[in-house]
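Inspection log for the structure reproduced underneath, given as structure tokens.
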Amino acid sequence: MRALLVALAIVLVTPPIGLTVIIAGLLGAPDGANSVYQWGIRSWARIICRAAGAKIVLHGTDRILDGPAVYVANHVSWFDVFALGAVLPRVTFVAKKELEKLPIFGPACRAAGIVFIERANRRAAFDTYKAAADKVREGRSVVVCPEGTRGRDYHLRPFKKGPFVFAISTGAPIVPTVIHGTIGIQPKGSFRVRSGTIDIHFLEPVATAGYSYEQRAELMEVVWQRMAAELSSKYGVHTSEHAVATDADRPEKETSFL
């Protein structure tokens, strides 16, 4: 039943919200924390979460920054994205290129400032990161998921380096973000949707100022360790400490965002 409600919500609300955002973009409506673009992202995400019966509980809200930031989150379900979109101020995402082809949804996302990445094309991916960095410099925050794709459990997997190169280039602080509960709502590979609670933990921000490109792995490890410690202390999810390093020397072309 919940899956049907979510599907109906997507079908019914995407056209009116999407078209409103598209028209706003064509008319040159200004961007900002209370702009029609942010209204579109928040409203769409909140309606989907409500249709799913997902209750969002925030922890460490004082760490949600007023200015631009890079929110580095774990990723186990599509509801990670919906939940973050529902609560973060002036936020955008880096999404896979395939979603851009969806009617209404794709154009609306572009108008709202969502940046699409062609993960198989390294040159195009570089241009995408540059565009996302420009969004941050304009005052937006960006959500990235450095594990690269959704996992099937809450164990924190190795991070890709690309999001940390990106964060260093923006100069914006990183807010490590741990999400728990979304597997119970909709696990990877399943169309089943069940009601439940999504806990989002915002951890102490990590300044990127002073880090260089050569120190990207060091920054990556600091963030990974904080998130792994949070999962361990709050939910008993233990991950081997060496896991963070196993990805350190993989080619950059494997870097993936949401």
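For this chain, numbers begin at 1 and follow the sequence in order. Reckoned from all heavy atoms, side chains included, excluding hydrogens, waters and symmetry mates.
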Does Arg2 use its side chain to pair, donor to acceptor, with the backbone of Ala51 at less than 3.5 Å? yes

Under the 3.5 angstrom rule, does the side chain of Thr177 hit a backbone N or O of Ala73 as a donor-acceptor pair? no

Do NZ/NE/NH1/NH2 and the carboxylate oxygens of Arg110 and Glu100 come within less than 4.0 Å? yes

Could you please spell out the steps behind the side chain to side chain contact (heavy atoms under 4.5 Å, CB included) verdict for Phe202 and Leu88? CA-CA 11 Å; Phe202 298 101; Leu88 287 176; 3.8 Å; yes

Side-chain heavy atoms of Arg152 within contact of Pro187, under 4.5 Å: no

Side-chain donor/acceptor pairs under 3.5 Å, residues 7-25, sequence neighbours excluded:
residue : atom : partner : partner atom : Å
Thr14   : OG1  : Ile10   : O            : 2.6
Thr14   : OG1  : Trp44   : NE1          : 2.9
Thr20   : OG1  : Pro16   : O            : 2.7

Tell me whether the count of non-hydrogen atoms from other residues, nucleotides or ligands lying under 6.0 Å of CZ in Arg194 goes above 12. no

Is the backbone of Ala229 close enough, under 3.5 Å, to the side chain of Gln225 for a donor and an acceptor to pair up by distance? no

When you compare the side chain of Val91 with that of Gln38, does any pair of heavy atoms fall below 4.5 Å? yes

Which atom names give the shortest non-hydrogen contact between Thr92 and Gly113, and what distance separates them? OG1-O, 2.7 Å

Could you pull out all residues at least two apart from Lys188 that satisfy side chain to side chain donor-acceptor pair (under 3.5 Å)? none

Quick one: CZ on Arg90 to OG on Ser35, what's the gap to the nearest 0.5 Å? 7.0 Å

Would a single hydrophobic cluster contain both Phe105 and Val36, if residues Ile, Leu, Val, Met, Phe, Trp and Tyr are joined by side-chain heavy-atom contacts under 4.5 Å? yes

If you group Ile, Leu, Val, Met, Phe, Trp and Tyr by side-chain heavy-atom gaps below 4.5 Å, do Ile200 and Trp78 land in one group? yes

Carboxylate-amine/guanidinium proximity below 4.0 Å for Arg140 and Asp31: yes

Side-chain heavy-atom pair Phe164, Val206 within 4.5 angstrom cut-off: no

Main-chain N/O of Val175 paired with Arg63 side-chain donor or acceptor, under 3.5 Å: no

Pairwise distance CZ(Phe159) to CG(Asn74) - rounded to 0.5 angstrom: 7.5 Å

Show the numbers, then the answer: is there a side chain to side chain contact (heavy atoms under 4.5 Å, CB included) between Leu5 and Val193? CA-CA 9 Å; Leu5 288 176; Val193 177; over 6 Å; no

Pro173 and Leu65, any side-chain heavy atoms less than 4.5 Å apart: yes

Option passing side chain to side chain contact (heavy atoms under 4.5 Å, CB included) with Glu218 (candidates Arg216, Met220, Gln215, Glu214): Gln215

Taking all atoms of both residues into account, what is the closest heavy-atom pair of Pro163 and Val144, and its distance? CB-CG2, 3.9 Å

Value rounded to 0.5 Å, distance of NZ in Lys160 from CD in Glu147: 9.0 Å

Contact between Cys49 and Ile56 at the side-chain level, heavy atoms closer than 4.5 Å - yes or no? yes

Taking a hydrophobic cluster as the set of Ile, Leu, Val, Met, Phe, Trp and Tyr residues connected by side-chain heavy atoms closer than 4.5 Å, whether directly or through intermediates, do Leu58 and Ile185 fall within one such cluster? yes

Please confirm whether the backbone N or O of Ala172 pairs with a side-chain atom of Thr208, one donor and one acceptor, at under 3.5 Å? yes

At what distance, to the nearest 0.5 angstrom, does OH of Tyr71 lie from CG of Leu84? 9.5 Å

Report the relative orientation of the aromatic rings in Tyr235 and His201; use parallel for angles under 30°, tilted for 30 to 60°, perpendicular for over 60°. perpendicular

Does a side-chain heavy-atom distance below 4.5 Å link Val81 with His75? yes

Might you work through the side chain to side chain contact (heavy atoms under 4.5 Å, CB included) test for Trp39 and Asn34, ending with a clear yes or no? CA-CA 7 Å; Trp39 166 84; Asn34 297 312; over 6 Å; no

Any side-chain to backbone donor/acceptor pair from Thr239 onto His155? Under 3.5 Å, distance only. no

Give me the one residue out of Val72, Leu203, Val222 that meets side chain to side chain contact (heavy atoms under 4.5 Å, CB included) with Ile174. Val72

Applying a strict under-4.5 Å side-chain criterion to I, L, V, M, F, W and Y, I'd like to know whether Leu102 and Val6 cluster together. yes

Any Trp224 side-chain heavy atom under 4.5 Å of Pro146 side chain: no

Rounded to the nearest 0.5 Å, how far apart are OH of Tyr154 and CD1 of Ile179? 9.5 Å

For Asp153, enumerate each residue passing the salt bridge (Lys or Arg N to Asp or Glu O under 4.0 Å) test, keeping only those at least two apart in sequence or located in another chain. none

How many angstroms lie between CZ in Phe93 and CG in Leu99, if you round to the nearest 0.5 Å? 12.0 Å

Is any side-chain heavy atom of Val94 closer than 4.5 Å to a side-chain heavy atom of Phe166? no

